[in-house]
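Quick notes on the structure that follows.
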There are 2 protein chains.
Amino acid sequence: MIISDNLKMYVQKLRSSNLRPTKQRLKICQFLFDRKKTFHFTVETLNKKINKNGAIKISLATIYNTVEAFTSAGYLKEILTSKNKSYYDTNIKSHHHFYDEGSKELTDIHYSQIKLSKVPVPPKGKKIKNLEVVIRIQK
Amino acid sequence: MIISDNLKMYVQKLRSSNLRPTKQRLKICQFLFDRKKTFHFTVETLNKKINKNGAIKISLATIYNTVEAFTSAGYLKEILTSKNKSYYDTNIKSHHHFYDEGSKELTDIHYSQIKLSKVPVPPKGKKIKNLEVVIRIQK
DNA sequence: TTTCTAGTTTAGAATTATTATAAACTATAT
DNA sequence: ATATAGTTTATAATAATTCTAAACTAGAAA
Ligand SMILES: [Mn+2]
Ligand SMILES: [Mn+2]
Ligand SMILES: [Zn+2]
Ligand SMILES: [Zn+2]
């Protein structure tokens with residue numbers, strides 16, 4: 001895959017979500033999705049890496065806006081785990097996580113690696129939005 | 001059970017955790033534990049209710065300090081669920097929760113109501129600290 | 001191609017939850 | 001009673017995030 005091909009792909013992807021393909025969004029797309037493996041990040045880490053040595057600087061506000069827009073559009077998944085910071089995942093398939101309380105890092109657990117053989121019925125009028133398990137680990 | 005009996009009990013409980021039985025801590029103990037059912041709260045809701053119409057006002061800083069001290073002492077459990085706010089639980093037994101994204105309220109799920117028939121081994125050198133499930137629900 | 005406009009980016013201010021600071025207060029050991 | 005370590009408190013500081021409003025830009029329409 002050549003980068004210019006991916007760029008076209010991102011332009012389409014963004015347009016299909018009613019998001020204009022700005023250079024900021026495309027740069028963030030490339031950073032997030034031009035790779036073989038999915039990964040986890042926070043706005044803080046993304047901001048640092050995006051603005052390390054690139055040509056254009058992207059403001060923190062735009063990083064926030066874009067991560068939020070990409071999450072709404074379904075390109076990213078938010079992982080609720082820590083009380084202070086939001087984590088995001090480029091792996092949008094349903095799956096579980098280890099959360100290391102020491103290093104504050106997430107590791108994927110494939111969906112099939114956890115079997116819930118008994119799950120309670122939600123209260124009337126409510127339905128289950130998400131059943132992904134976060135297993136907290138430490139040394 | 002008479003309140004004065006519970007008060008003595010709280011004094012002992014606090015002393016046994018090397019916490020001086022101040023009038024602030026005792027008032028918070030009474031508010032949290034003088035009831036038949038356990039419940040969930042945030043510092044914000046606790047602060048409002050504690051300082052509604054009581055004789056002594058307790059500062060927000062003391063509410064934070066006390067909730068932290070009680071959690072360390074094992075009188076309370078912290079439930080990590082939302083990205084913005086810490087939730088606490090007077091039910092310190094291991095159990096699971098529904099978290100309603102609309103009302104932002106927690107509901108207990110008895111430990112036996114969820115069966116995990118397959119759980120992955122944690123990475124080497126790490127052990128599982130906590131395996132309580134939060135099921136996110138919505139309308 | 002120029003013009004227009006809604007959408008986007010940005011710096012900086014505001015907000016929210018929480019933690020830190022340091023002075024005044026108090027439980028309790030001596 | 002006194003001393004002292006622990007506690008409370010108002011207030012400041014911090015951290016993550018959201019808001020604001022002005023400047024900028026993609027892309028539709030003229
Ligand atoms: Mn926040
Ligand atoms: Mn915070
Ligand atoms: Zn993941
Ligand atoms: Zn509970």
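Residue numbering restarts at 1 for every chain, and letters A, B, ... go by the order of the sequence lines. Bear in mind the structure is a predicted one, so any value in this text is a computation, not a measurement.
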For residues 96-103 of chain A, please give each side-chain donor-acceptor pair under 3.5 Å, one per line with the distance, not counting sequence neighbours.
residue	atom	partner	partner atom	Å
A:His96	ND1	A:Val133	N	2.8
A:His97	NE2	A:His40	NE2	3.1
A:His97	NE2	A:Asp89	OD2	3.0
A:His97	NE2	A:His95	NE2	2.9
A:His97	NE2	A:Asp108	OD1	3.0
A:Asp100	OD1	A:Gly102	N	2.7
A:Asp100	OD1	A:Ser103	N	3.1
A:Asp100	OD2	B:Lys126	NZ	2.7
A:Glu101	OE2	B:Lys129	NZ	2.6
A:Ser103	OG	A:Glu105	N	3.4

Separation of [N] [atom2] from [X] [atom1] (nearest whole Å):
X        : N      : atom1 : atom2 : value
B:Tyr64  : D:dT14 : OH    : C1'   : 13 Å
A:Lys104 : D:dA16 : NZ    : P     : 11 Å
A:Leu60  : C:dA11 : CG    : P     : 10 Å
A:Phe41  : D:dA16 : CZ    : P     : 16 Å
B:Asn47  : C:dT18 : CG    : P     : 12 Å
B:Ile63  : D:dT9  : CD1   : P     : 9 Å
A:Glu78  : D:dT18 : CD    : C1'   : 14 Å
B:Leu26  : D:dT7  : CG    : P     : 12 Å

Margin query: It should be established whether A:Thr62 places a side-chain nitrogen or oxygen under 4.0 Å from OP1 or OP2 of nucleotide C:dT8.
Written below: no

Next item on the list: Would you tell me if any nitrogen or oxygen in the side chain of A:Gln24 comes within less than 4.0 Å of OP1 or OP2 on D:dT25?
Entry: no

Check: Out of C:dT9, C:dT18, D:dT7, which has the shortest distance to the side chain of B:Val43?
Finding: C:dT18

Next item on the list: With sequence neighbours left out, write down each residue that passes side chain to side chain donor-acceptor pair (under 3.5 Å) with A:Ser86, or none if nothing qualifies.
Entry: A:Glu78

Protein-nucleic acid N or O pairs under 3.5 Å, nucleotides 19-21 of chain D:
none

Notebook entry, point to check: Can you name the side-chain contact (heavy atoms from CB on, under 4.5 Å) partners of B:Thr22, sequence neighbours left out?
Noted result: B:Arg20, B:Gln24, B:Arg25

Next item on the list: Applying side-chain contact (heavy atoms from CB on, under 4.5 Å), name anything that partners B:Ser112, two or more places apart in sequence or on another chain.
Entry: B:His110

Item checked: Cationic tip of B:Lys49 above B:Phe41 ring, under 6.0 Å, 45° of axis -> no

Margin query: Over all strands shown, is B:Thr42 touching base, sugar-phosphate only, or nothing at heavy-atom distances under 4.0 angstrom?
Written below: nothing

Margin query: Quick test of your reading: applying salt bridge (charged side-chain N to carboxylate O under 4.0 Å, His left out), list the pairs with at least one residue in residues 110-119 of chain A, sequence neighbours left out, ordered by first then second residue.
Written below: none

Next item on the list: If a pair satisfies salt bridge (charged side-chain N to carboxylate O under 4.0 Å, His left out) and one of its residues is in residues 39-48 of chain B, list it, with sequence neighbours excluded.
Entry: B:Glu44-B:Lys48, B:Glu44-B:Lys85

Notebook entry, point to check: Can you find a heavy atom in the side chain of A:Asn51 that is under 4.5 Å from one in the side chain of A:Ile58?
Noted result: yes

Next item on the list: Could you note down all residue pairs passing ring-ring contact (aromatic ring centres under 6.0 Å, His included) where residues 112-139 of chain A supplies at least one of them, sequence neighbours left out?
Entry: none

Quick test: give all pairs of protein nitrogen or oxygen and nucleotides 26-30 of chain D nitrogen or oxygen below 3.5 Å, distance rounded to 0.1 Å.
residue	atom	partner	partner atom	Å
D:dA26	N3	A:Arg20	NH1	3.1
D:dG27	OP1	A:Arg15	NE	3.0
D:dG27	OP1	A:Arg15	NH2	2.9
D:dG27	OP2	A:Arg15	NH2	3.2

